[in-house]
Amino acid sequence: MESALERLWRTLIWAFVVFFVVNVIAMISTVVVNSFGTRWLNSWLPAAFTFRWYAAAWKEFQLGDVLLVTFQIAGAVVLISALIGVPAAYALARRNFPGKPLVMLLFLLPLLVPPITFGVPLATVLYKVGLAGTMWGVIIANLVPTVPFTVILMIPFIEQIDPRVEAAARVFGAGTRRLFIHVLVPLLVPGILAATLLAMVRTVSMFELTFLTAGPTSQTLVVSLYYSVFAAGVRAGQSIDAMAVIYMLSTLIWLIVALRFVNPTQIVARVKKAPA
Amino acid sequence: MTAPPARRPTLADRGIDGVTLLVLPAALFVVLLFVYPFLYGLLLSFAPKEGGLLGNYTRFFSDPYMYGTIWLTLRLALPVTLLNIALSVPIAMQVRHMKHQRLLTTILVLPITLGTVLVAEGLLNYLGPQGWLNRTLILFGLIERPIRLVHNYWGVFISLVITGFPFTFLLTLSMISGIDPALEQAAATLGARARQRFRHIVLPLIVPGLAVTFCLAFVDAFSVFPSAVMLGAPAGETRVISFAAAQAAFEQYDYSYASAIAMIMAVVQFGFVGLVLTLRGLFYKGPAGGGKG
Amino acid sequence: MAIASAGFRELRLDRMSRNFGAHNALKEISLTVQRGEFIALLGPSGCGKSTALNCLAGLLSLSDGSIWLDDRRIDTLKPEERGFGMVFQNYALFPHMDVRRNVGFGLQMHGVSKSEIARRVDEALGVVRLGSQAAKLPGQLSGGQQQRVAIARAIAIEPPLVLMDEPLSNLDAKLRLEMRAEIRRIHRLLGSATIYVTHDQDEALSLADRIVVLRDGEVRQIGTPQELYRQPLHADVAEFMGFRNALRGNVVRREGRGIEVDCGFTAPLRGQAVDVAGDRIIVSIRPADLVPIPDGPINAEVTGLEYRGEAYYGTATGPAGQELYFRTDEPLAVGEAVRLGAPADRTLVYAAGNEG
Amino acid sequence: MAIASAGFRELRLDRMSRNFGAHNALKEISLTVQRGEFIALLGPSGCGKSTALNCLAGLLSLSDGSIWLDDRRIDTLKPEERGFGMVFQNYALFPHMDVRRNVGFGLQMHGVSKSEIARRVDEALGVVRLGSQAAKLPGQLSGGQQQRVAIARAIAIEPPLVLMDEPLSNLDAKLRLEMRAEIRRIHRLLGSATIYVTHDQDEALSLADRIVVLRDGEVRQIGTPQELYRQPLHADVAEFMGFRNALRGNVVRREGRGIEVDCGFTAPLRGQAVDVAGDRIIVSIRPADLVPIPDGPINAEVTGLEYRGEAYYGTATGPAGQELYFRTDEPLAVGEAVRLGAPADRTLVYAAGNEG
Amino acid sequence: EPVVINVIDVAGDLEVSGPALEKFQAEHPDLVSKFVFTQATAPELAGKLKAQQDAGRVDIDFVLTGNDALAAGMEQGLWMEILPKYADKFPNLKELYIPGAYLMQEMARGQAFVIDWYPSGPLLEYAPDRVKDVPNTPEALMAYCKANPGKFMYARPANSGPGRTFVMGLPYLLGDKDPKDPINGWDKTWAYLKELDSCIEYYTAGTTASMKELANGTRDIIATTTGWDINPRYLGIVPEEYKIGAFKNFTWVGDANYMAVPKGVSEAKLKVVLELMAYLLKPAQQAYMYDHGYMYPGPAIKGVTLDMAPKDSQETIAKFGRPEYASLIADNPTEAPLDAKPLVAMFDKWDREIGAAKMKK
Ligand SMILES: Nc1ncnc2c1ncn2[C@@H]1O[C@H](COP(=O)(O)OP(=O)(O)OP(=O)(O)O)[C@@H](O)[C@H]1O
Ligand SMILES: Nc1ncnc2c1ncn2[C@@H]1O[C@H](COP(=O)(O)OP(=O)(O)OP(=O)(O)O)[C@@H](O)[C@H]1O
Ligand SMILES: [Mg+2]
Ligand SMILES: [Mg+2]
């Protein structure tokens with residue numbers, strides 16, 4: 001009786017997953033197909049296929065350089081925010097100290113307050129110290145929301161780790177640094193994976209702060225993309241789609257690479273798979 | 001033998017030790033680079049083009065077209081966030097046992113890479129009157145005329161689900177897999193069925209994680225902007241608050257008013273996030289293992 | 001909810017097997033347990049005891065074989081449908097519930113009323129002497145307290161079949177004895193069947209109706225405590241049952257079950273043949289039975305001595321380098337020569353090469 | 001990294017205390033441990049043994065008091081600076097590292113070279129008989145195997161001070177004896193100090209130079225195994241040390257340390273006064289010492305019997321309803337009348353009301 | 001010493017003027033060693049410039065912008081005041097510019113120069129196979145729309161050139177009191193728009209989306225401009241054969257892009273940029289503005305004809321251009337669009353009263 005209900009439930013879930021995946025793939029496909037289409041009106045498929053939108057976009061936005069810059073910036077942001085965010089999250093998860101709510105608020109604010117308010121003064125500060133206009137300026141500006149993001153996100157993951165395992169590492173001579181390297185980070189891999197992936201996606205898509213602090217040679221892909229979508233003037237949908245596809249690929253690569261090498265499920269679950 | 005010195009409460013007793021100091025780099029970074037610009041924006045919001053200190057705020061709250069955006073935004077952000085979490089949890093519960101888990105995970109997480117533009121373009125095409133979806137439905141005779149799924153509330157809603165679901169799913173999956181399977185096994189031997197195991201074991205243990213997930217996802221959804229413009233009706237039912245702020249800043253070039261709106265936005269979000277994080281404090285937070293090993 | 005085990009008469013394992021990858025953790029275990037029976041599962045570390053319990057509880061699927069309750073095949077049922085109680089070796093307490101809720105969880109799942117739950121939880125906590133810790137979370141308990149919560153949790157639901165995986169391993173001697181008595185009392189009270197994993201012989205001997213000795217995933221012997229204590233069927237079982245002295249030698253003379261063997265000492269040893277096929281044998285003697293006697297046949301040199309309260313236990317080396325474990329009431333000095341002997345009826349002789 | 005414990009001469013706990021909220025888990029523990037000494041910490045479940053070890057290791061901060069290594073105060077040092085080895089009661093293995101890496105972890109942290117690590121890990125795995133499981137993750141091991149990894153991990157670093165929290169609780173009798181021998185061997189080899197928590201009296205008696213008995217966070221007695229086994233200072237320690245029979249009565253006659261007490265049996269009992277202030281006393285006798293003798297002073301009725309291999313152990317009720325635990329070589333029937341007696345030098349008498 | 005000039009384009013103008021800039025570099029290697037082009041969306045430009053100027057480090061030397069971002073910059077004082085200081089370099093602007101372009105040049109108040117201009121709209125674009133009689137008066141459009149609900153559409157004005165041109169053209173057609181004052185002078189227009197709303201299904205967020213709906217047959221008539229008529233058909237977004245219709249006696253509402261210089265640009269660079277601006281206002285360069293009909297016709301100054309334009313430009317116009325434009329431009333008056341302030345007020349009112357009304361249904 002109830003197991004029939006359970007089966008129904010499971011079927012429903014899988015049905016939804018299939019529904020979701022099919023529609024998302026179809027949606028992506030329309031964009032991909034369109035980006036290769038010459039002209040697509042009122043029919044199942046475009047009239048003919050071409051590469052010209054890619055070629056044009058590539059040339060117009062000097063995408064080679066832009067992609068390289070984007071990767072560098074995203075890489076640096078992700079790395080730095082993990083490096084300083086995870087330890088901070090660790091402290092917040094493990095210790096109760098006076099003023100902790102205030103610190104939490106400090107980390108929440110950059111996520112809550114839209115960049116409109118602080119983007120310009122932040123850029124001013126960065127221009128004053130001579131960082132804006134360079135790649136580092138963009139990296140630092142992007143760190144302002146990603147560091148707190150990483151901190152907040154990592155807290156529950158750290159709480160899940162058994163402090164006794166940490167205790168063991170300390171007893172056997174691991175100081176905080178090596179505790180992180182040898183024990184915490186490997187155990188936190190799923191959380192760090194999620195945090196870095198999401199931080200990367202956010203950096204790549206952070207238009208406002210990037211634009212405000214980027215110089216002519218430190219613009220990232222999203223600036224070009226937004227330009228092609230929102231700037232005045234006529235632009236073929238196919239060309240926008242081509243840009244969007246390039247944008248997607250630029251993050252998709254990392255997602256696939258990351259999930260290829262890192263398992264999003266934690267070690268406990270992997271070792272002790274529940275009953276078949 | 002010398003008498004040991006009397007013990008005074010040390011910093012460590014109050015929770016301040018080397019580990020606590022790890023919070024410093026991040027905190028310093030935020031203080032240095034965020035606090036000043038933020039205060040600047042905050043002060044700016046109290047220096048309206050016209051009116052007294054609170055001019056911008058009274059202006060906002062005396063104009064239903066403006067304060068209505070809060071409701072319009074909440075109407076999008078809350079259901080979407082809750083739906084995404086509600087979908088993520090059962091799916092993650094299923095996926096974690098799977099053999100080809102990585103492949104499926106990759107596919108499910110994939111939409112976070114799409115970017116708002118691709119999603120908007122894709123939905124406009126796919127769900128549009130001549131899109132594949134409507135065509136298919138018409139082909140099979142399920143509908144007669146194309147149904148309208150974009151340029152309204154649902155267009156934005158769908159896009160938020162597509163970009164938001166992978167986010168919550170990835171977090172939920174990683175969090176659920178942190179629970180020692182032995183706990184569920186123990187519950188099973190005590191007669192708990194799958195639903196009860198979920199309700200009594202898994203759910204309470206991931207609530208703290210879900211709370212954080214909710215906060216981050218909610219904040220994301222609440223500040224929805226490009227897709228509200230591209231897929232919604234930005235003058236109408238998807239006139240979200242960040243759109244109002246952007247209008248003030250970029251159309252009316254009233255940065256002071258824009259700052260004020262953004263501050264209001266932050267306060268509203270904080271209302272929810274603060275509440276959720278406070279509630280989170282009431283739950284068990286700690287290792288999700290059951291004893292030895 | 002229909003619980004499969006309610007009111008069963010017998011539980012039958014039919015060639016139950018389980019592999020982990022290439023490793024066969026259980027190899028065709030067959031066993032029938034009657035209702036009301038108390039079975040102890042004994043065996044060296046890693047021999048598959050917990051695996052067997054997990055298979056029974058439905059937490060691991062079988063690789064082969066089947067499990068039957070009377071005429072019903074249950075190895076395909078989910079754990080929650082079997083209705084067995086289980087004490088996990090690693091406790092598996094719910095970290096987010098206090099002791100009271102941990103213990104009451106099973107009752108809650110079975111739809112027992114609130115007041116009844118409260119009553120039975122109090123009772124179970126009383127049994128494990130944890131009334132005063134009821135409001136703590138598992139993480140705030142000592143190891144032994146956690147283990148007792150695990151026991152209380154399993155017995156609170158009064159299951160018709162209880163599986164216990166080393167439930168007393170972290171308790172002190174006094175508490176162990178008390179808990180042992182409680183477990184036996186509850187076993188009788190519920191008329192349930194109990195399968196009890198332990199590494200403590202005393203526990204197995206005193207509690208069990210029958211003992212099953214496993215080794216490398218295989219059943220080596222099934223028998224009553226007396227049988228196992230006095231007459232293990234194989235040299236390895238004997239060694240496991242406390243016959244720590246295992247001396248190799250050759251048969252000198254046989255007369256019925258009596259046997260005389262030569263192990264290179266001053267005189268042949270006399271013992272009881274349990275399972276002697278050829279000439280080369282192993283002699284098994286418990287340390288407690290091997291004591292210094294003036295004309296003992298075993299000449300050896302003391303290499304160590306330890307205090308064990310009621311007596312001293314020593315180690316010694318025989319002429320062929322044999323390691324010997326013996327008992328003595330008076331302390332001996334290391335290096336001292338000693339002559340040891342054991343009663344013939346406590347000296348068991350097995351065929352060599354059969355020790356596995 | 002300078003390790004505090006390297007080459008120390010003595011470890012001194014000075015009124016070490018630790019509270020959990022309002023609960024005082026350790027109350028002013030003072031103890032001095034010499035290098036090379038083997039200390040066993042004994043006490044009922046929840047008495048604070050693990051807490052004491054955790055405080056020593058630096059995993060819990062003290063609420064009061066201090067810990068000294070020679071002249072250096074170390075209770076303010078971080079765990080990683082103390083350089084102690086520890087076997088955790090709950091193992092606390094690194095779930096993401098295979099057995100080999102778990103065991104080598106400490107060496108790696110101490111900057112030992114790769115090849116040296118490999119050598120010493122192999123050695124440690126050999127000691128705990130886990131060579132064949134080296135590539136498994138902890139989650140793939142049986143309970144006993146995990147425990148052995150925990151032991152191997154602690155001894156691999158050859159620490160000057162080893163803390164062991166019930167390291168053998170999940171091992172079978174045979175392996176326990178072997179491991180016990182290994183632990184002693186390593187202790188001697190390293191010349192290290194060992195503080196060893198156990199609930200197994202045998203282990204404490206055979207391994208320790210001195211035994212510390214804790215109760216409710218307080219030290220009840222410190223002494224050699226012999227002292228503790230033969231002459232516990234308090235009735236509660238006695239009960240904990242296996243004097244399971246605790247009979248209340250009154251003093252009849254004293255002559256020096258000899259004493260005669262009346263507990264309502266057919267005749268007064270003769271025993272040894274350990275600590276007798278007033279007239280009302282408690283008589284403590286081990287079950288093993290209380291045996292049926294034809295004219296034993298204690299008349300009782302058998303209520304239960306259990307097999308323990310070398311003998312039977314029974315329960316009986318005395319005339320005043322006293323619970324009695326005794327030993328017998330021949331099985332007795334439940335309900336049978338029996339007369340029990342114990343040697344006077346094995347019968348200890350304590351003042352009543354002092355049992356804690 | 002040749003310098004590097006950082007050009008930022010927030011109007012999509014490089015599409016049109018890019019070749020002329022490159023030509024300048026080729027002809028003046030002594031002045032410019034390199035142009036670095038950045039493209040961006042208009043709204044955030046002001047913020048970025050402000051940040052740079054507050055910090056005293058301006059790294060943008062030359063801006064191509066539409067009138068929205070220009071106005072924003074003017075309001076915040078971001079632009080260098082070129083006139084009258086450097087008036088000698090730009091003599092006789094009134095003579096130089098086409099009248100319609102000059103109207104817009106005046107709006108720049110000496111802080112920028114119109115680089116290209118077109119009369120824009122309002123125009124209607126329709127599918128000839130589905131629409132036989134294209135409406136040629138506002139009343140006819142209303143009647144058509146009511147008869148064919150959902151078949152007419154214009155994009156949300158705030159985000160669409162054609163959308164706003166359509167709305168800005170209406171006061172002239174309907175004879176409103178003050179076509180330059182949307183709040184107080186547009187009574188008829190607002191009434192008209194409200195009524196029109198009843199037969200419009202929704203307003204797309206941008207022009208492209210409305211073009212697509214026209215192309216795929218969901219709509220039959222949409223609002224457009226000259227550039228949005230020619231260029232999308234050239235690009236294949238809209239079928240070539242689609243036609244345009246104009247209202248009788250309508251007034252063109254022009255549109256232009258500007259070139260401006262932020263305050264804070266160094267003297268050395270400023271000299272070069274001024275040179276560049278003067279250069280771009282020469283007929284030879286202005287001929288590039290024909291482009292692919294992106295801002296048809298495009299040139300802002302008098303006397304530039306299509307035959308001066310590059311070959312492919314001529315071909316495109318020949319193929320996708322419309323002969324009727326010449327007469328439409330010649331025969332109808334031209335007005336400047338709304339100034340920035342009233343324009344924003346118009347957007348706001350439209351959003352509140354037209355756009356938001358959609359929700360209530
Ligand atoms: N974090 C904590 N919060 C509150 N009480 C605690 C906490 N940790 C331990 N205790 C209590 O302190 C007491 C001592 O615990 P400890 O673990 O030292 O006992 P133990 O002697 O090791 O017992 P066992 O033999 O059962 O392991 C116990 O009563 C326990 O419940
Ligand atoms: N998930 C697993 N993957 C691989 N091998 C496993 C796994 N679980 C158990 N094993 C192996 O199976 C064997 C039996 O394990 P089991 O836990 O049943 O032993 P046990 O008899 O309970 O031992 P102990 O007394 O030490 O608890 C062990 O050798 C163990 O290493
Ligand atoms: Mg086991
Ligand atoms: Mg303990």
Side-chain angles (χ1 to χ4, degrees), chain A residues 6 13 17 21 24 26-28 30-31 34 42 84-85 87-88 90-92 94-97 103 106 110-114 116-118 121-122 144 147-148 151-153 155-156 159-160 162 176 190-191 194 201 205 225 229 240-241 244 247-248 251-252 255 259 264-266 268-269 272 274, chain B residues 15-16 18-20 22-23 25-27 29-30 33-34 37-38 40-41 90-91 94 96-97 102 105-107 111-115 117-118 121-123 125-126 130 132 170-171 173-174 177-178 180-181 194 208-209 212 219 223 242 245 249 258-259 262 265-266 269-270 285-289:
Chain A
E6 271 167 23
I13 291 173
V17 169
V21 169
V24 166
M27 180 203 85
I28 298 172
T30 34
V31 177
N34 194 32
N42 221 348
I84 70 175
Y90 177 69
L92 286 172
R94 287 282 191 246
R95 289 289 186 276
N96 272 314
F97 50 89
V103 177
L106 182 71
L111 300 176
L112 301 180
V113 179
I116 289 184
T117 43
F118 65 87
L122 173 65
V144 170
V147 166
V151 173
I152 302 277
L153 184 96
I155 289 178
E159 284 168 348
Q160 270 193 341
D162 193 337
T176 305
V201 168
S205 67
L225 179 67
V229 179
I240 296 175
D241 288 359
Y247 178 94
M248 170 184 89
T251 38
L252 184 61
L255 175 76
L259 286 178
T265 52
Q266 306 196 3
V268 265
K272 309 186 196 164
Chain B
I16 298 176
V19 167
T20 319
L22 292 177
V23 84
F29 177 85
V30 175
L33 283 154
F34 174 73
F38 166 71
Y40 181 96
I91 294 177
Q94 295 292 331
R96 71 190 166 138
H97 294 321
R102 262 184 221 223
T105 308
T106 311
I107 292 175
I112 52 166
T113 66
L114 300 181
V117 171
L118 190 138
E121 282 288 313
L123 289 181
N125 279 329
Y126 177 60
Q130 292 294 338
W132 283 346
L170 182 61
L171 291 183
L173 176 67
S174 339
S177 66
D180 188 345
V212 166
V219 166
S223 51
S242 55
S259 281
M265 216 173 134
Q269 294 180 71
F270 184 73
K285 291 171 295 183

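So you know, we letter chains A, B, ... as the sequences are listed, proteins then strands, and number each from 1.
Note: Leu114(B) leads Leu114(B), Val219(B), Thr105(B) in heavy-atom pairs under 4.5 Å with chain A. Taking Ala244(A), Ala26(A), Ala91(A), Pro110(A) one by one and counting their heavy-atom pairs under 4.5 Å with chain B, the maximum is reached by Pro110(A). Among the candidates Val113(A), Val147(A), Asn34(A), the residue making the largest number of heavy-atom pairs closer than 4.5 Å to chain B is Val113(A). The candidate with the highest count of non-hydrogen atom pairs below 4.5 Å against chain A, out of Pro37(B), Ser242(B), Pro25(B), is Pro37(B). Of the residues considered (Leu122(A), Val103(A), Leu92(A), Leu111(A)), Leu122(A) shows the highest number of contacts with chain B, using heavy-atom pairs under 4.5 Å. Ranking Gly41(B), Ala27(B), Pro208(B), Ala249(B) against chain A, the residue ahead of the rest is Ala27(B), based on heavy-atom pairs under 4.5 Å. Comparing Gly209(B), Pro90(B), Ala245(B) by how many heavy-atom pairs each has under 4.5 Å with chain A, the most go to Pro90(B). By number of non-hydrogen pairs under 4.5 angstrom with chain B, the leading residue of Gly85(A), Ser205(A), Ala194(A), Pro87(A) is Pro87(A). Highest contact tally toward chain A, considering only Ile112(B), Thr113(B), Leu123(B), Asn125(B), is held by Thr113(B) [criterion: heavy-atom pairs under 4.5 Å].
Between the side chain of Arg96(B) and the main chain of Leu173(B), no donor-acceptor pair closer than 3.5 Å is present. Using a distance-only test at 3.5 Å, with no hydrogens or angles considered, no donor-acceptor pair links the side chain of Glu121(B) to the main chain of Asp241(A).
Among all heavy-atom pairs drawn from Tyr126(B) and Thr30(A), the shortest one is CB-OG1, 3.9 Å. Scanning both residues, Leu153(A) and Gly191(A), for their nearest heavy atoms gives CD2-O, 4.2 Å.
Here the NZ atom belonging to Lys285(B) is positioned 13.0 Å from the CD atom belonging to Gln160(A), to the nearest 0.5 angstrom. Remark: Ile107(B) CD1 to Leu255(A) CG distance equals 11.0 Å, nearest 0.5 Å. We find the OG1-OH distance between Thr20(B) and Tyr90(A) to be 10.0 Å, quoted to the nearest 0.5 Å.
Looking only at side-chain heavy atoms (C-beta outward), Tyr40(B) and Thr117(A) stay at 4.5 Å or farther from each other. Arg95(A) places none of its side-chain heavy atoms less than 4.5 Å from the side chain of Val23(B).
Contacts of Ser223(B) with chain A are absent, with no heavy-atom separation under 4.5 Å from either backbone or side chain. Only the side chain of Leu225(A) has a heavy atom closer than 4.5 Å to any heavy atom of chain B. Both the backbone and the side chain of Phe38(B) come within contact range of chain A, judged by heavy atoms closer than 4.5 Å. Heavy atoms closer than 4.5 Å to chain A are found in both the backbone and the side chain of Val19(B).
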